[in-house]
Amino acid sequence: GVEVGPQPQGVARADVLDKMRKIVKHGLDFVQLFNEGKEFPPCTIEVFKIMEKVDYPRNKNGEIIAIIHPKLQDQDWQPLKNGDPLFLTPGGEVIPYQGNCTVYPTFINEAAYYEKKQAFVKTEKIKLTAKHLRLSVS
């Protein structure tokens with residue numbers, strides 16, 4: 001499967017659909033070239049690994065007591081450092097991110113995740129290295 005976004009449920013965005021088409025085309029091109037015996041050199045890429053899901057601040061009754069801070073909204077995949085604004089209470093209090101490393105939040109304030117008690121997902125940026133790849137011909 002390919003998930004490209006963010007985009008709201010029930011909304012078809014041309015830019016997101018175009019990204020999905022390109023990803024699928026590249027995947028199919030890779031399979032064709034691999035099957036034709038093309039050798040792919042070693043490579044390293046940066047990826048985002050999920051660390052944990054983060055809920056909204058809640059009171060003892062389980063009600064949300066703060067919303068995503070405006071400086072975090074629409075900042076998926078951008079670095080979030082210790083002390084950066086995270087949540088904002090109705091009274092104007094800023095709740096900062098408190099962490100010992102920079103993280104990269106995603107799925108920030110997605111409506112589909114409210115019922116799952118998820119304000120965003122923390123990810124870390126890591127590098128993956130692949131050895132050369134070639135179809136073995138017997």
Side-chain angles (χ1 to χ4, degrees):
V2 176
E3 183 174 343
V4 182
Q7 74 178 9
Q9 292 176 313
V11 174
R13 289 181 44 161
D15 60 331
V16 174
L17 290 172
D18 185 54
K19 288 177 185 177
M20 183 204 53
R21 282 188 196 101
K22 287 177 181 174
I23 289 170
V24 171
K25 181 184 179 317
H26 287 304
L28 293 172
D29 289 346
F30 169 81
V31 170
Q32 180 177 349
L33 291 169
F34 178 78
N35 287 339
E36 292 172 354
K38 177 169 175 62
E39 184 169 349
F40 294 88
C43 66
T44 301
I45 61 169
E46 288 185 338
V47 298
F48 296 90
K49 180 180 176 185
I50 293 175
M51 298 169 68
E52 67 178 304
K53 296 174 183 176
V54 177
D55 192 7
Y56 294 88
R58 295 179 183 271
N59 64 18
K60 63 182 177 181
N61 297 326
E63 299 163 328
I64 294 174
I65 58 169
I67 59 173
I68 294 293
H69 192 280
K71 289 186 178 178
L72 181 59
Q73 184 65 52
D74 300 321
Q75 297 301 306
D76 295 82
W77 312 112
Q78 299 304 310
L80 180 66
K81 301 176 187 129
N82 188 44
D84 286 349
L86 193 59
F87 296 106
L88 184 64
T89 68
E93 177 190 350
V94 174
I95 301 171
Y97 170 63
Q98 295 177 338
N100 55 4
C101 66
T102 298
V103 297
Y104 298 82
T106 188
F107 303 114
I108 301 168
N109 203 25
E110 290 281 337
Y113 297 119
Y114 272 71
E115 65 187 37
K116 296 179 181 187
K117 297 183 175 182
Q118 179 179 311
F120 63 93
V121 173
K122 282 195 314 190
T123 69
E124 62 180 329
K125 191 186 293 191
I126 61 172
K127 290 185 179 186
L128 296 179
T129 301
K131 299 178 182 178
H132 80 280
L133 182 62
R134 184 174 187 182
L135 178 65
S136 300
V137 181
S138 301

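Computation of the quantities below employed the complete heavy-atom set of this structure, encompassing side-chain atoms and omitting hydrogens, waters and symmetry-equivalent molecules. Values in this document were obtained by computation on a predicted structure and should not be read as measured data.
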Show me the donor-acceptor pairs, under 3.5 Å and distance only, between side chains in residues 117-127 and residues at least two apart or in other chains.
from, atom 1, to, atom 2, distance (Å)
K122, NZ, E52, OE2, 2.8
T123, OG1, Y104, O, 2.5

What donor-acceptor contacts under 3.5 angstrom involve side-chain atoms of residues 87-98, with partners at least two apart or in another chain?
from, atom 1, to, atom 2, distance (Å)
T89, OG1, G91, N, 3.4
T89, OG1, G92, N, 3.4
T89, OG1, E93, N, 2.9
Y97, OH, C101, O, 3.3

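For the atom pair CG of N100 and CG of N82, the computed distance is 8.0 Å after rounding to the nearest 0.5 Å. A distance of 5.5 Å separates CG in L128 from CD1 in I45, rounded to the nearest 0.5 Å. Note that CD1 of I68 and CG of D74 are 10.5 Å apart. Values are rounded to the nearest 0.5 Å.
Panel note: side chain N61, backbone E63; no donor-acceptor pair is recorded below 3.5 Å.
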*Tell me, with the steps shown, if K25 and D29 meet salt bridge (charged side-chain N to carboxylate O under 4.0 Å, His left out).*
CA-CA 6 Å; K25 181 184 179 317; D29 289 346; 2.8 Å; yes
_L86 vs L80, side-chain contact (heavy atoms from CB on, under 4.5 Å): CA-CA, chis, key distance, verdict_ = CA-CA 9 Å; L86 193 59; L80 180 66; 3.7 Å; yes
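Sparse packing is recorded around CD1 of I50, with 12 or fewer heavy atoms of other residues, nucleotides or ligands lying under 6.0 Å away.
K53 meets the salt bridge (charged side-chain N to carboxylate O under 4.0 Å, His left out) test with no other residue; sequence neighbours excluded. Checked against side chain to side chain contact (heavy atoms under 4.5 Å, CB included), Q78 has the following partners two or more places apart in sequence or in another chain: Q75. Looking at residues two or more places apart in sequence or on another chain, you find a side chain to side chain contact (heavy atoms under 4.5 Å, CB included) between E36 and Q32, L33. When the salt bridge (charged side-chain N to carboxylate O under 4.0 Å, His left out) test is applied to R134, the partners found at least two apart in sequence or on another chain are E39.
In the hydrophobic cluster analysis, where Ile, Leu, Val, Met, Phe, Trp and Tyr join through side-chain heavy atoms closer than 4.5 angstrom, V16 is grouped together with V24. Residues W77 and M51 do not share a hydrophobic cluster, defined by chaining ILVMFWY side chains whose heavy atoms lie under 4.5 Å apart. Residues L28 and I23 share a hydrophobic cluster, clusters being chains of Ile/Leu/Val/Met/Phe/Trp/Tyr side chains in contact below 4.5 Å. Criterion: ILVMFWY side-chain heavy atoms under 4.5 Å apart, direct or through other members. Under it, L133 and V31 are part of a common hydrophobic cluster.
Looking at heavy atoms from C-beta onward, I65 lies out of side-chain contact with Y56 at the 4.5 angstrom threshold. Looking at heavy atoms from C-beta onward, K71 lies out of side-chain contact with D84 at the 4.5 angstrom threshold.
Counting all heavy atoms, side chain and backbone alike, I108 lies closest to L72 at CD1-O, 3.6 Å. For the pair L17 and A12, the tightest heavy-atom approach, listed with the atom from each and the gap, is CD1-CB, 4.4 Å.
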